[in-house]
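Numbers restart at 1 for each chain; the letters A, B, ... are given by sequence-line order, proteins then strands.
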Amino acid sequence: MNNYLEKLNDEQKLPVLHKNGPLIVIAGAGSGKTRVLTYRIVHLINKGVDPFNILALTFTNKAATEMKKRISEIISESISKNIWMGTFHSVFARILRSEAPLIGYPTNFTIYDTYDSEKLISNIIKELQLDKDNYKAKKIRNRISSLKNNFITVDGYFKNPELLEIDKASKTEEFGKIYKEYVRRCFKACVMDFDDLLLKTNELLNKSPETLLKYQDKFKYILVDEYQDTNYSQYLIVKSLADRYENLCVVGDDSQSIYSFRGANIDNILNFRKHYPDSKSYKLEQNYRSTRNIVEAANSLINHNILKLDKTIWTNNNIGDKVILNKSLSDADEGRFISSNIFEMKSNFYLKNSSFAVLYRTNAQSRSIEDALRKINIEYQVFGGLSFYQRKEVKDILAYLRLIENINDEESLRRIINFPPRGIGQATLDKLMILSNEHDVSLFDAISKINPNTKRFSTRTIEKLENFKNLVLSFKIYSNSNNAYETTSLVINKTKLIDFYRNEGTLESSNRIENIEELLNGVNDFIQQQSEVFEGDNSLSKYLQDVALYSETDKDIHSEKVSLMSIHMAKGLEFPIVYVVGLEENLFPSIMSINSREEIEEERRLFYVAMTRAKEKLILSHCEQRFKWGNIIDCEPSRFIGEVDDKFLQRNNTNKNYITQKINENKLRLKKIPNRSFKKIKTNTISSFKKYKINININDKVYHDRFGEGKVIEIEGEGNNIRANINFKINGEKKILLKFAKLKILK
DNA sequence: TTTTCAAGAATTTTT
DNA sequence: TTCTTGAAAA
């Protein structure tokens, strides 16, 4: 045990040494917040607190892992592993896994993500025969989510005249009906959505005083990171758990509250002193991360916000370069500026790709940056957007797995009952739904309730349904005595999904096959990890639990790649060189937020977060025109640019070749750009493709790993789509995408 | 029931 | 532009 207290400055030491009772730490960007949390936990343990009695709630799983690692380095891993640490969602999912029966749920409940919930809601809207122009599934889901995050149940909704009035005014009088049915269906399917993990935890703690007491006694010390982004439900949970001992430590920065769309309530942090009158308040104001220019530029921006706690962030660091402000003609131009700038800096300062991050307001903006980086072969990694686990083929296989685990899961069943096609269409599904309501059983169990005499189903259909049922049941039995990897392999083999995609033979299906293989590798990694953990659990059930709460923020940053991500995703991270792109009105601040002062303030905080990610250099960028849905749109510079004090800015005037660039760009646009509708996971396949491109000719004899020996008949397509029609000796004629095929040319 | 095709809609951030 | 949805054809 080294002397950790020496590694803290005076203002950091105070909250670490604070003994019992509530405390709040207002920690400016880059002020060593994680360090304080880490050392406070170490200090508590040092002073005799049992690690079993500590609960630390973080914003991402990665942050938890990171903190655990740091603690392990100071004290031993055998001690630190006993601390409960994780996101609200994962910690309380874990608790619900054992306590769910107390609120009528089984322990093997499935967790729905946003997409699943929306699907279910849109089904309900259809069933209730509501006008879908008025009742948009997405909006309804958001509304349900925000009610749940404010701990307003269905009953609470119907008892609240104001809420009813709102729905009446917006012509969605039936909202309550949808909410009620949604909750009923989730319950019936043994499903919780993200918001339920918090809402049901509150229900559990309210309903069962013994359970509340049990966890109050267990978690004698509670620490909450990123407190500014907690919602009301989370506030309630923390409040009930901390009620007995009041050893609650919350850390956050009101200037970095950026999740109100997810229910985050900045009042939680602003009113902490009111909620806990006996609490002590500490401030961390010294920034260790960024140069003085960056810190002060960011300060000058955030000073435009009215709603904030009083604090002054300062730094002892070097003054550094001024913040660069770039103006480009178009989004493509902006991409080119960034890629060439990265290239230049890399060679001037011997930097790794991982020193750079490009941050944007919306995920869609990554494309122009990706294109530009790809063109000059700079490796990059995109975070967020369509994540791996949201891809169709991956979700399909997960749906099989989830159905195996929880046979009542309605959405998973709907997803795969006819995929790959087995002749069970909408009409059959509708009838099955009626049957399930009649007998009050799940969709899956409704199959067993079919009575051949009632003639609702044809014999042919009954047979198909029976086959499906038996297939799933055989998977289920197999999974009881086999691990997650073996079960997943079995599912992939028996459903012949890879063959299904192989037969399609398109570039897209090749991509899908790759992703399925990637998923299988992921399951294998999981098995490996579990084998290294004491009493590891390699069951399907454990795997699904892990996957449900995995998020893009948990993804590792690759040391040889430039990071591309939304600003939201960049929270908590830092990079030597940061580009913030698309600083234009209606984009940043978003067009959705320009109508209210509060929302503009949140956008400003978002920009503040973006700026303070940078350690050495910060480059801001905006364009005059942007390509959007096939149209060119003129863009005004963001109001935020003008709010950064000019003395910290240096305007970039490198774009001398405006006109030639514009002409070239238009030429490019006229040329049909190859279809890029699928995002790549592995960026390196592109470069390997280039090598193949030229090598193959008609009449070449080739060897393919799967199909064996064959002869090239024709070559067609362009760019990424180049395909060779090959006649294989054993497998016959097949179209192969050169981008992915590992072909050997035989002499 | 499945496949195909055309018209229409959508554009914010995520556990 | 790209994705979704719905109707018509097979």
Determine whether the aromatic ring of F261(A) stacks with the base of dT13(B), defined as ring centroids separated by less than 5.5 Å and ring planes inclined by less than 30°.
yes
Rounded C1' spacing from dT13(B) to dT4(C) in Å:
22 Å
May I ask you to verify if any side-chain N or O of [X] is less than 4.0 angstrom from the OP1 or OP2 atom of [N]?
X: K136(A); N: dA10(B); value: yes
X: S90(A); N: dT15(B); value: no
X: N418(A); N: dT2(B); value: yes
X: R367(A); N: dT2(C); value: yes
X: S590(A); N: dT13(B); value: no
X: T428(A); N: dT1(B); value: yes
X: N363(A); N: dT12(B); value: no
X: S551(A); N: dT15(B); value: yes

Between atom [atom1] in [X] and atom [atom2] in [N], what is the gap in whole Å?
X: R605(A); N: dT12(B); atom1: CZ; atom2: P; result: 19 Å
X: D196(A); N: dT15(B); atom1: CG; atom2: P; result: 17 Å
X: Q545(A); N: dT15(B); atom1: CD; atom2: C1'; result: 16 Å
X: L587(A); N: dA10(B); atom1: CG; atom2: P; result: 19 Å
X: K555(A); N: dT15(B); atom1: NZ; atom2: C1'; result: 16 Å
X: K148(A); N: dT14(B); atom1: NZ; atom2: P; result: 21 Å
X: D225(A); N: dT15(B); atom1: CG; atom2: P; result: 15 Å
X: K126(A); N: dT4(C); atom1: NZ; atom2: C1'; result: 11 Å

Using a 4.0 Å heavy-atom cut-off, does [X] contact any base of the nucleic acid, only the sugar-phosphate backbone, or nothing at all?
X: K571(A); result: nothing
X: Y259(A); result: sugar-phosphate
X: S593(A); result: nothing

Closest-nucleotide 5' rank along DNA chain B - winner of F59(A) and K138(A)
K138(A)
Would you mind telling me which residue lines up with the more 5' stretch of DNA chain B, T362(A) or T461(A), judged by nearest nucleotide?
T461(A)
By nearest atom, which of the nucleotides [options] is closest to the [X] side chain?
X: R361(A); options: dT3(B), dT12(B), dT1(B); value: dT12(B)
X: H89(A); options: dT15(B), dT12(B), dT2(B); value: dT15(B)
X: H568(A); options: dT15(B), dT13(B), dT1(B); value: dT13(B)

Is it the case that the ring center of [Y] lies less than 6.0 angstrom away from the ring center of [X]?
X: Y259(A); Y: F59(A); answer: yes
X: F187(A); Y: Y105(A); answer: yes
X: H304(A); Y: F607(A); answer: no

Test item: side-chain donor near acceptor, Q228(A) and E226(A), under 3.5 Å
yes
Roughly how far, to the nearest 0.5 Å, is the CZ atom of R502(A) from the NZ atom of K496(A)?
12.5 Å
Can you tell me the Watson-Crick or wobble partner of dT2(B), both distances under 3.5 angstrom?
dA9(C)
Watson-Crick or G-U wobble partner of dC3(C), both distances under 3.5 Å
dG8(B)
So D196(A) and K148(A), do their side chains get closer than 4.5 Å, heavy atoms only?
yes
Within the 4.5 Å heavy-atom criterion, are I641(A) and L620(A) side-chain neighbours or not?
no
What about T114(A), does its side chain sit under 3.5 Å from the base of dT15(B) through a donor-acceptor pair?
yes
